[in-house]
Structure formats: structure tokens, C-alpha cells
Amino acid sequence: MKIEITTFMKVLIVDDEPKARSILKNIITDYCKGIEVIDEAASVNEAVKIINKQKPDIVFLDIEMPNENGFALFDYFDVPPFETIFCTAYSEYALQAFEVSAIDYILKPISISKVQAAVEKAIKTRGQNKIIEQVSVLKENLSVQQLQKIGLPLSDGLQFIKIEDLLYFEADGSYTHVITTKGNYLISKKIKEFDELLQNDNRFYRVHRSYLVNILKISKYSKKDGATLVFENNKIIPVAREKKNDFDEFIGGISV
């Protein structure tokens, strides 16, 4: 099914592989109405020249390229005048880093539905000018084997939070309260999405259907009268009965 964009958008494809550029161009042309591929580039250097001359609205950017990788593109712009959709064949951990950095990406091999979803999202977030900070967070997360920051979508953009500052996530219907040492945020995402996002990070555990917690921020674990956790802000959170045994094993059998 072809998606329809009400405002005409210009696209630049940056990838060192001609076949990859051709496949992506065909998908955009055939399945994204209102989107025109105005040019292609095989390197960051070529892309910079085209961007300055033709002013694309969206740039599809391959990361793994010879000489300069895709991230280098942002060294040429203080405030990039375009939305970016990364194309990557990165590992599972790296994809998690993309997700928590709130960056749009398409996993290779690309598909029609992935391209359409990425285009629609890029149009919705157009003009927020957060890409420099997002790329900085992404590079920081990719440089180590544990995530360093997570991007929280707010009505006016993104708020980046250090993982070490997160206390817990609390479900509230289709929303989630994100509680940190620096402040609290109400995010228009279900807690399930945060659980899936952090499922491979052993610092977080879903102790209850309503709570996803940072175990490094637990001040006390009490097993009396039902298991409960006390956090640095004195919040008491229950451990669901059906989760208790698994949690004990996960946390190393701590008892207080």
C-alpha cells in the first residue's frame, strides 16, 4: 500500500553501495507518494555538497561506509536542516542503542513497511532539531557495552536521561511515569514499550505489571508481609507474588 504525504518532500540517499541505493530509491518512488529522491551520494563528502546545494528534507544515511562513517555527516552542520533516517546492519545491542537514543533507523535488508514507517515518523518530528544531541547519545551508547542514556519523547521534543539517574517506571494506562533522581516525566508510551526496550539490560527488572525498576537504585528489599522494594526517594514498590522467586534469583537472593 502506498502512503500519501500531503507536503512534497525531497530525499537524499547516502550509501556507498549502488545496489542498496537503487533498492531504497525504488521503494520510495513506488510506495511513498509525495516523496521524491532528488539525488544520491556514495560518501559523506558528496552528501555535504548535495545538501548545501539542493536542501533535501530527509536524508537516508548508511552508517557503515569507507573513509568516513555516516555519523561524520553531522560534523559539517551546527543545526542539520534535514531529518535523518539511518540505514544499518548493526548488532542487536546496537539496535537497542538506536531505540533508547530515539533515532529513526531501518534495519538492513530494508522492507517497504520499514521505509514507510520511518518516513512518516520523520515527517512528524520534522523541525525539532534534536539530531545532534541524539547522535551524540547514540555514539556514547555504542562506545560501551552498557547503555549510558535514554531519550524520552516529550510534547516539545526529547529529554535525554542518564541511565544512572533512572529510579523506576510506573504504568498509568497508556502512559508511563518515568521517575528519576533529577525529576519526573509523564511519557505517552505504555510501560511494556520500556520493558521491551530495556529487556537485555540487567540493571532493570519488571517486578510488577505496573513497575519496571532500576535494581541499582534499590535501598531496601523486604520480604516481610509480601515482598517490597524501597527506593532512594522512599517510594515503596511491591514485588508481584508470581515474580518473587524469579526476582530473588535475578537479584542474587538479597534479603533484609
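- Residues L212 and L186 fall into different hydrophobic clusters, defined by Ile, Leu, Val, Met, Phe, Trp and Tyr side chains chained together at heavy-atom separations under 4.5 Å.
- Remark: D248 engages K223 in a salt bridge, criterion side-chain N to carboxylate O under 4.0 Å.
- A41 and A47 make their closest contact through CB-N, 3.7 Å (heavy atoms, listed as atom of the first residue, atom of the second, distance).
- Aromatic pair Y168/F204: centroids not less than 6.0 angstrom apart.
- Taking 4.5 Å as the limit, some side-chain heavy atom of L24 sits within range of a side-chain heavy atom of I110.
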- Residues V135, F86; criterion side-chain contact (heavy atoms from CB on, under 4.5 Å); working and verdict: CA-CA 11 Å; V135 169; F86 287 95; 4.0 Å; yes
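- Side chain of N26 to main chain of S22: a donor-acceptor pair is present (N/O by atom type, distance under 3.5 Å, no hydrogens or angles).
- Comment: E36 does not engage K10 in a salt bridge, judged by the lack of any side-chain N to carboxylate O separation of less than 4.0 angstrom.
- Side-chain atoms of Q199 do not come within 3.5 Å of backbone N or O of D195 as any donor-acceptor pair.
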- side-chain contact (heavy atoms from CB on, under 4.5 Å) between I251 and I218: does it pass, once the steps are laid out? CA-CA 11 Å; I251 208 169; I218 298 171; 3.9 Å; yes
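- When the side chain to side chain contact (heavy atoms under 4.5 Å, CB included) test is applied to K192, the partners found at least two apart in sequence or on another chain are E196.
- Comment: D104 engages K121 in a salt bridge, judged by a side-chain N to carboxylate O separation of less than 4.0 angstrom.
- With hydrogens and angles left out, the side-chain atoms of Q54 and D39 include a donor and acceptor closer than 3.5 Å.
- At least one side-chain heavy atom of M65 sits under 4.5 Å from a side-chain heavy atom of D62.
- From T181, atom OG1 reaches atom CG of N214 across 10.0 Å, with rounding to the nearest 0.5 Å.
- Residues F60 and V115 are in side-chain contact: their nearest non-hydrogen atoms beyond the backbone lie under 4.5 Å apart.
- Side-chain N or O atoms of K139 include none that pairs as donor or acceptor with a backbone N or O of Q134 at under 3.5 Å.
- Using a 4.5 Å cut-off on side-chain heavy atoms (C-beta onward), I236 and F231 make no contact.
- Under the ring-ring contact (aromatic ring centres under 6.0 Å, His included) criterion, F194 pairs with F169, not counting sequence neighbours.
- Shortest non-hydrogen contact noted between I131 and P80 is CG2-CG, 3.4 Å.
- Residues L167 and E232 have side chains in contact (heavy-atom distance under 4.5 Å, counting atoms from C-beta outward).
- At most 12 non-hydrogen atoms from other residues, nucleotides or ligands lie less than 6.0 angstrom from NZ of K162.
- I161 is not connected to Y175 by any chain of hydrophobic side-chain contacts under 4.5 Å among Ile, Leu, Val, Met, Phe, Trp and Tyr, and they are in different clusters.
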- Message: Please determine whether side-chain contact (heavy atoms from CB on, under 4.5 Å) holds for the pair K235 and I179, giving the CA-CA distance in whole Å, both sets of side-chain angles, and the decisive distance to 0.1 Å.
- Response: CA-CA 10 Å; K235 170 76 172 181; I179 312 300; over 6 Å; no
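- T29 places a side-chain N or O within 3.5 Å of a backbone atom of K25 that can act as its donor or acceptor partner.
- Taking NZ of K190 as the reference point, atom CG of D172 lies at 12.5 Å (rounded to 0.5 Å).
- The two residues E46 and E40 have their closest heavy-atom pair at OE1-O, 4.4 Å.
- L216 and V230 end up in different hydrophobic clusters when Ile, Leu, Val, Met, Phe, Trp and Tyr side chains are linked at under 4.5 Å.
- Residues F77 and N52 are in side-chain contact: their nearest non-hydrogen atoms beyond the backbone lie under 4.5 Å apart.
- The aromatic rings of Y205 and F247 lie tilted to each other, with the angle between the two planes from 30° to 60°.
- Judged purely by atom type and a 3.5 angstrom limit, R206 uses its side chain to pair as donor or acceptor with the backbone of R209.
- I28 has its side chain within reach of V37: a pair of non-hydrogen atoms, C-beta onward, lies under 4.5 Å apart.
- Summarising the geometry, atom CG belonging to N184 is positioned 9.5 Å from atom CD belonging to E170; distances are rounded to the nearest 0.5 Å.
- Distance alone, capped at 3.5 Å, is enough to place a donor-acceptor pair between the T176 side chain and the I191 backbone.
- The pair D15-K108 meets the salt-bridge criterion, since a charged nitrogen lies less than 4.0 angstrom from a carboxylate oxygen.
- Atom OG of S113 and atom CD1 of I27 lie 9.0 Å apart (nearest 0.5 Å).
- Hydrophobic clustering, with ILVMFWY side chains joined whenever heavy atoms are under 4.5 angstrom apart, keeps I38 apart from L73.
- F82 and I132 fall within the same hydrophobic cluster, where Ile, Leu, Val, Met, Phe, Trp and Tyr residues are linked whenever their side-chain heavy atoms come under 4.5 Å apart, directly or through other members.
- Rounding to the nearest 0.5 angstrom, the gap separating the CG atom in N69 from the OG atom in S43 is 12.5 Å.
- With values rounded to the nearest 0.5 angstrom, N234 atom CG is found 7.5 Å from S219 atom OG.
- In terms of heavy atoms, G70 sits closest to L61 at O-CD2, 3.3 Å.
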- Residues L229, Y211; criterion side-chain contact (heavy atoms from CB on, under 4.5 Å); working and verdict: CA-CA 11 Å; L229 305 174; Y211 294 100; over 6 Å; no
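- The ring-ring contact (aromatic ring centres under 6.0 Å, His included) search around Y76 returns none, not counting sequence neighbours.
- Of all the heavy atoms in D16 and P18, the pair that sits closest is O-CD, 3.4 Å.
- With contacts defined as side-chain heavy-atom distances shorter than 4.5 Å, the pair I35/V119 qualifies.
- Across D165 and K182, no two heavy atoms sit closer than the pair OD2-NZ, 3.5 Å.
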